[in-house]
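On a predicted model such as this, the values are computed, not experimentally measured, just so you know.
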Number of protein chains: 2
Amino acid sequence: MTQLPTVDDVARVANVSRQTVSNVLNSPGIVKPTTRGRVEAAIAELGYRPHASARRLRTRQSSTIGVRLDPVTNGISGSVLDRYLHALTEQAAERGMRIMLFTANDLVDEIDQYRTLRDGADVDAFVVTATRHADPRIDWLTAERVPFVSFGRPWGADMDAANHLWVDVDGFAGHYEATRHLIGRGHTRIGYIGWPAGSGTGDERRRGWAVAMNEAFGLDEAELELLTTRTEEGVPEARRLIETMFAAEHDLEALVCVSDSVALGAMMAVNEAGRRSFPVIGFDNTPVAQAVGLSSVEQRLDQVAAATLELLMGATGRRVLPPGEKRPGDEEGAADMRHRLVTPKLVVRRSSHLAPVEETESADAGIAPAGRHHREEMQ
Amino acid sequence: MTQLPTVDDVARVANVSRQTVSNVLNSPGIVKPTTRGRVEAAIAELGYRPHASARRLRTRQSSTIGVRLDPVTNGISGSVLDRYLHALTEQAAERGMRIMLFTANDLVDEIDQYRTLRDGADVDAFVVTATRHADPRIDWLTAERVPFVSFGRPWGADMDAANHLWVDVDGFAGHYEATRHLIGRGHTRIGYIGWPAGSGTGDERRRGWAVAMNEAFGLDEAELELLTTRTEEGVPEARRLIETMFAAEHDLEALVCVSDSVALGAMMAVNEAGRRSFPVIGFDNTPVAQAVGLSSVEQRLDQVAAATLELLMGATGRRVLPPGEKRPGDEEGAADMRHRLVTPKLVVRRSSHLAPVEETESADAGIAPAGRHHREEMQ
DNA sequence: CACGAAAGTTTGATCGTTCAAATTACAAGT
DNA sequence: ACTTGTAATTTGAACGATCAAACTTTCGTG
């Protein structure tokens, strides 16, 4: 192996100039078909591949998106970021982009990383996850005009800030659908287990349940509050809670839970209490939910990933758009396309009890990851 | 914001030459301390950061490691790769390296990706996961002399191939310890639920159980086989299996399971059968195991990540070593340092039954991810 | 004090690509 | 044939860093 071929080598073989080769690669439209054919043949013959770093140096673009891995593994719902990452990597590749990972210990450190990656021309844009209220990272990125999208709404006044692009899953719609499903099956006393009030995500999910309950049975907020309990995330916590809940509310018929962890705890407690046919619905459709047959609301992370890239690069673009730019692909007056809410989908399983071994879930076959096969395991 | 500062700008301010600035950055040792101080001051003053792509172009190194995300989400054990990725990203950063992700649809496609990434000088090395028997990727990487490490042994004749670096978790040791633990608690009839024979990983784990049982009770392979059942991965599968198993083997006292999925299935079946105090131990220590209080064998993925980087870059190096090179840090005749087996660790929980709400696991506080807090969830 | 070696610093060239401007080829219109 | 305009192609320069070699300073030694 002597040396990797360069544009010059290709040019020599195809009997054209450097730049023409470059054009064939980057704007094939402006090269005469005959010539293009010759160049493409030469490329194939030599097995030429562009040197990514040289291109980046010249164009000042890295074709890379930076994603920070959260510092803590995320319990039972950890696979959410995992699946998002996967979808993002896959779809980014289709647009010629790559995903680069990094970690940070705290928000200050994270901003420092942003700066290094940006200045080093390592990445063109960032995806920010786990956004907080009044997030300093958002402020920095906005002020520096670094392109970014957050997965998660900025819960606060700045929710509609023109230059903050975000994608999120519509938790409201998810639990609205879940609750409608239960109502449709004839249940009326449907409880809710949520996180402590104040978490935007949690509140929004509960609102889905609340609105559905109100529409169906005209319950007011006070009555709804009686059907609600709140707990920190975690299976054992939820379990204890449900036990006390059962003691108090004897006529409960079903539960909608803010997460699969909580739902799993609930399910175990329900089972323990010997109550059969007691539906429990979670959120996230984690592998555990699938494993134990828990109904859950599936975040469609491929759609979230697609939306992320659309916001960053336009509908079909192959490069990151400068922030605050009018985005091509935004047809006419199409509302402001600065954020996307992805509607999740209820996956129904027989989650009423742990007991019966359930039939294989043929109904789920179409749903993205739920229908996929388990693989043996990384080996 | 006019323009990002370059080495030349720093040089001008510090009143030295380009190259001296470069030296301060890359080999501070050869620069006179006085000068170095001046340069560092200038760097700080201007907020200079090296342009990664320019450096890469010149040095032909990317300081980036490519990792392929598996095409299928991995059920309940999906978090294993996730946690490995995290540890790898973190530790790579400490050595000035980055992690880049990519996906591929099949092995051929994956090799094509390798080629593009390598030729484009996008990555210096690869981490290969989910290795198969007689893996074409390994052959290609070896033939092309591309540095790589596989997470997972090459189960086959080439296990000791000199130029194939690999890291793996010692499944044997894991289930040996698990079984010893059960024996120590007085159990004698300990069953094993494994994967179908032939999967290297699965066979190795079972061997840990088998050896422990043989040492303690002198059982021969025929007798061990009677205590073994095999199933495909998956909770419902395992559950059905255990039910039939109970019918046949009435004196079973405990179970060691090849994975957490299988263990969860077993646990549910056990619970269903109304058997209390029936210990079940899994493998992977997934979040689910923690959530439902299942004992499991924890892969120490931070150690796996550390070993990965050591093989790739030497004990403390900051760049990827050419494959087949004698690796600095290999003290004297220290056996061949071309692979590492990381010993996993048993995490004991009250996994005998689903019933009692367990006390918080203070005992686990020291164990890496098991002791960490759940976070609310990505929002 | 002069000499040579080592330490410290600078200079010119280069990595492989794309940009911007210049050049040539080709077609249509008078 | 001759301009004129557009399409197609080529040329020189630049992106920001490091390498290799040349140069200058410092220091130890006979």
Q: Rounded to whole angstroms, how far apart are NZ on B:K32 and C1' on D:dT24?
A: 11 Å
Q: Which listed nucleotide (C:dT9, D:dT10, D:dC15) is nearest to the side chain of A:N23?
A: D:dT10
Q: Indicate whether OP1 or OP2 belonging to D:dT18 is found under 4.0 Å from a side-chain N or O atom of B:S22.
A: yes
Q: Do side-chain atoms of B:R36 reach the backbone of B:P28 as a donor and acceptor pair under 3.5 angstrom?
A: yes
Q: Between A:R49 and B:R115 (side chain of the first, backbone of the second, donor and acceptor by atom type, cut-off under 3.5 Å), is there such a pair?
A: no
Q: Do the side-chain N and O atoms of A:H164 and A:S150 include a donor-acceptor pair separated by under 3.5 angstrom?
A: yes
Q: Please report, rounded to the nearest Å, how far the P atom of C:dG16 is from the CG atom of A:D9.
A: 9 Å
Q: Report all side-chain donor-acceptor pairs from residues 94-105 of chain B shorter than 3.5 Å, counting only partners two or more places apart or in another chain.
A:
residue: B:R95; atom: NH1; partner: B:G314; partner atom: O; Å: 3.1
residue: B:R95; atom: NH1; partner: B:G317; partner atom: O; Å: 2.8
residue: B:R95; atom: NH2; partner: B:G314; partner atom: O; Å: 3.2
residue: B:R95; atom: NH2; partner: B:A315; partner atom: O; Å: 2.7
residue: B:R98; atom: NH1; partner: A:D122; partner atom: OD2; Å: 2.8
residue: B:N105; atom: ND2; partner: B:D109; partner atom: OD2; Å: 3.4

Q: Please determine, by modelled atom types, if A:T129 and A:Y84 share a side-chain donor-acceptor pair under 3.5 angstrom.
A: no
Q: Go through C:dA13, C:dG16, C:dT9 for me and flag the one nearest to the B:I30 side chain.
A: C:dT9
Q: For C:dT14, does the base pair up with any side-chain atom of B:R58 as donor and acceptor (N or O, under 3.5 Å, distance only)?
A: yes
Q: Looking only at side-chain atoms of A:L57, point me to the closest of D:dC15, C:dC15, C:dT18.
A: D:dC15
Q: Please report the closest heavy-atom contact between B:N26 and B:R55, naming both atoms and the distance.
A: OD1-NH2, 3.5 Å
Q: So B:S53, base contact, sugar-phosphate only, or nothing? Heavy-atom distance under 4.0 Å.
A: nothing
Q: Which residues, if any, of residues 11-21 of chain B bring a heavy atom under 4.0 Å of DNA chain D?
A: B:R18, B:Q19
Q: Could you check whether B:D8 gets within reach of a base, just the sugar-phosphate, or nothing at all, counting any heavy atom under 4.0 Å?
A: nothing
